[in-house]
Asks: 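I have a structure I would like to understand better, so I am pasting it below and will then ask my questions one at a time.
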Amino acid sequence: MLSLHAGSQVVPATDWLLEPESFVASVKTSKDGKDLELSNGLISRQFRLQPNLVCYSYTNQSNGRQLLRSIREEARITINGKTYKIGGLKAPDEKAYFLPEWLDGLAATDSSFLYQEHRIEEIKPVLNWKTRGWASGAIPAKGKKLIFRYRSPLAELKGLEILVSYELYSGLPLVSKSLQVINNSSRTLLIDSLVHEVLAMVEEESAVIGSPEQMKKPTGIYFETNYAFNNAMRYTLSDQTLHWKTDPGYTSQVNYNYETPCLLEIYPDHGPGVQLHPADTLQSVKTYELAQDNADRERNGLAIRKMYRTIAPWVTANPIFMHLVSNNDEEVKTAVDQCAATGYEALILSFGSHCNMEDTSATNIRKWKELAEYAHSKKILIGSYSLFSSRRINDEEDVINPKTGKPGGTMFGNAPCLGSRWGLDYIQKLKTFMIQTGFDLFENDGPYPGDRCASTKHPGHTGLDDSQWKQMELQKGLYRWCNENGIYVNAPDWYFLDGTHKIAIGYREVNFSLSREQQKILNRQNIYDGTWEKTPSMGWGFVPLIKYQGGGPEAILEPLSEHLKDYEQLMMQYYGAGVQACYRGPRLYDTETTKATVIKVINWYKKYREILNADVIHLRRADGRDWDGILHVDPRLPVKGLAILYNPTGKPITRTIQLPLYYTGLQQSVVLTWADNRKQNVSLNRDFTAKITVTIPANGYTWMTVSQP
């Protein structure tokens, strides 16, 4: 599919970001039966089936770019210390490019698992997610799943079956890959490692001299797996599976030392390291591979956000919540009443509050069940905070450092092992508490951060080798359980693909001890920076109603009525971005005037909720010197855009702005409706921008919607 370019934007004949329904996934067999093609008009993978299965073409159909330069095995597995290839043919000596006519002369690789058969299924949801609160209109994922079955001719692998699965999604250039190991033998096998994706990709640059660290990695595909942790608040810094390697057999490469990083292997750094017993199945990490059609940051971000909405639709849930600091039950009821009176939808008992989810005594359960019932009677969701990782239990239950054989030295200094008896009990207590009280939300601080544990006494793992894999599965299992039971999960780590709903948008906590004026600018910077890859609903911000991380009276909003202008603007900044903030304090209002202000903002947000939860186009980052702002867009909605612009200076400013409206789907003209209800018809330029002149009040903001004439 050919594309035209308007500035930095790709404008294909049919743009999948605007008209996704045009691209339907299919599996096609060649006339001679030798080949299969998995394609949706945006991305294509082609496979030769005999004498063994190999992927020989991986094409971005939007721009015609071939992503593979050479063939490799489909996957690898290490069993009892010995490594075996899964699928693949012996690659020719030339590894700079590959010609399909070479396939007929290639033999299967030695000692590999051999392709047996395949089947085709419809894509099924990752989770049977349920939601008790508001969510934007998620569209169920559709597409084709192609499953290849492998067995080995080797006697030591008799009874072992490998399934390699590809899922191609309709409506976006996305394919996933994963692997299952099924032990049909009578022996227990140690699965040391699983490499479920191997791609010999086209190098990004030809550098004669330079180390792999200095050279650019191949582009054209965004990779993401469901094996990420690090508390980095960004996937690319949390990933634990992508390994860009050199390819010494690629002897025609330009690099003098054969060190071009152009071979991608995807696997966890540690493990699985698990014992696979007879009749057991081991599921690998799952990789999502999203083709990118150019280098434009905004377009690539839009594609990633569309990917999340498709494969993890629960991230579209976005209840309006308060972060309550409470000392007693009456304060909880008061906060529930204030939430109900102002249009809030949920209440989370914040850190430092008097709710202890680890206490499953009959008395505690009964108390919080009654409070939950009170909240529900007011149509308010309720939940609580619980800390896992950055705490110490004791020498027996904590993570054992493999370097010292003692506790300590983890990511957070000391941390419990999720596979310890205490960790297993912690998970069960949380489930018991949430089920018996009827809680709707769960805020899990310090989720499992990847600490390896050398203990051989913890019941949840055998030793060091399987400790990370087993703890990851325990943590993800809790989030999957919450998701499928309709419990909304805030967790400051990248577990989105296994059930969590929201993560911190990305901020420095001590900044909330700075002045309110500083916070307003810094918050807008955080919103701007935190919505390139995340949808608005995937991140939370922070508003300290009371003292947090230090700071004096200039940092907080209490008394609320005395700082009403700042309170209103902080709410508008977050709600105007579609981002929920943790309004942390004992109350939402202190006077009728404050109450009216909160209601006004919430009513405005609910009126435009669909478009405010839509994708963000980044206009200008806040710098305190001149205007800044963002634009929401969604071509499917009646209101196709909403821009909100800020003036951080002490004087009104008038600016002429080119508003980029390509992703609204409108092509010739638009109607702008300003905050004062003034309407303006504007013709679009050839690059789909609208030239507007806007006046923004001193230390204030303005906004306008975009609709079809």
Asks: Answer with yes or no whether the side chains of Thr78 and Arg76 bring together a donor and an acceptor at under 3.5 Å.
Replies: no
Asks: Are Phe47 and Tyr166 an aromatic pair, judged by ring center distance below 6.0 Å?
Replies: yes
Asks: Do the side chains of Lys28 and Glu37 get close enough for a salt bridge, i.e. N-O under 4.0 angstrom?
Replies: no
Asks: Take the angle between the ring planes of Tyr235 and Tyr222 and call it parallel below 30°, perpendicular above 60°, tilted in between.
Replies: perpendicular
Asks: Could you check whether Arg234 makes a cation-pi contact with Trp494, meaning its NZ or CZ is under 6.0 Å from the centre of the six-membered ring and within 45° of the ring axis?
Replies: no
Asks: Is a salt bridge present between Glu298 and Arg305, judged by a nitrogen-to-oxygen distance below 4.0 Å?
Replies: yes
Asks: Between Arg151 and Glu161, does any NZ, NE, NH1 or NH2 come within less than 4.0 Å of an OD or OE carboxylate oxygen?
Replies: yes
Asks: For Asn613 and Asn318, test the side chains for any donor-to-acceptor distance below 3.5 angstrom and give the result as yes or no.
Replies: yes
Asks: Using a 3.5 Å distance criterion without hydrogens, assess whether the side chain of Asn52 forms a donor-acceptor pair with backbone atoms of Tyr115.
Replies: yes
Asks: So, for Gly171 and Trp16, which heavy atoms are closest and what is the spacing to 0.1 Å?
Replies: O-CE3, 3.4 Å
Asks: Sequence neighbours left out, what passes side-chain contact (heavy atoms from CB on, under 4.5 Å) with Ile209? Give chain and number order.
Replies: Tyr256
Asks: Cut-off 3.5 Å, side chains only: do Thr225 and Thr241 have a donor facing an acceptor?
Replies: yes
Asks: Whether Asp110 and Lys90 form a salt bridge (side-chain N of Lys/Arg under 4.0 Å from carboxylate O of Asp/Glu) is what I want to check.
Replies: yes
Asks: Looking at Asp293 and Arg299, is any side-chain nitrogen of the basic one under 4.0 Å from a carboxylate oxygen of the acidic one?
Replies: yes
Asks: Kindly indicate whether a cation-pi arrangement holds for Arg45 with Tyr58, taking the cut-offs as under 6.0 Å to the six-membered ring centre and within 45° of the axis.
Replies: yes
Asks: Measure the acute angle between the ring planes of His618 and Tyr528, then classify it against the limits of 30° and 60° as parallel, tilted or perpendicular.
Replies: perpendicular
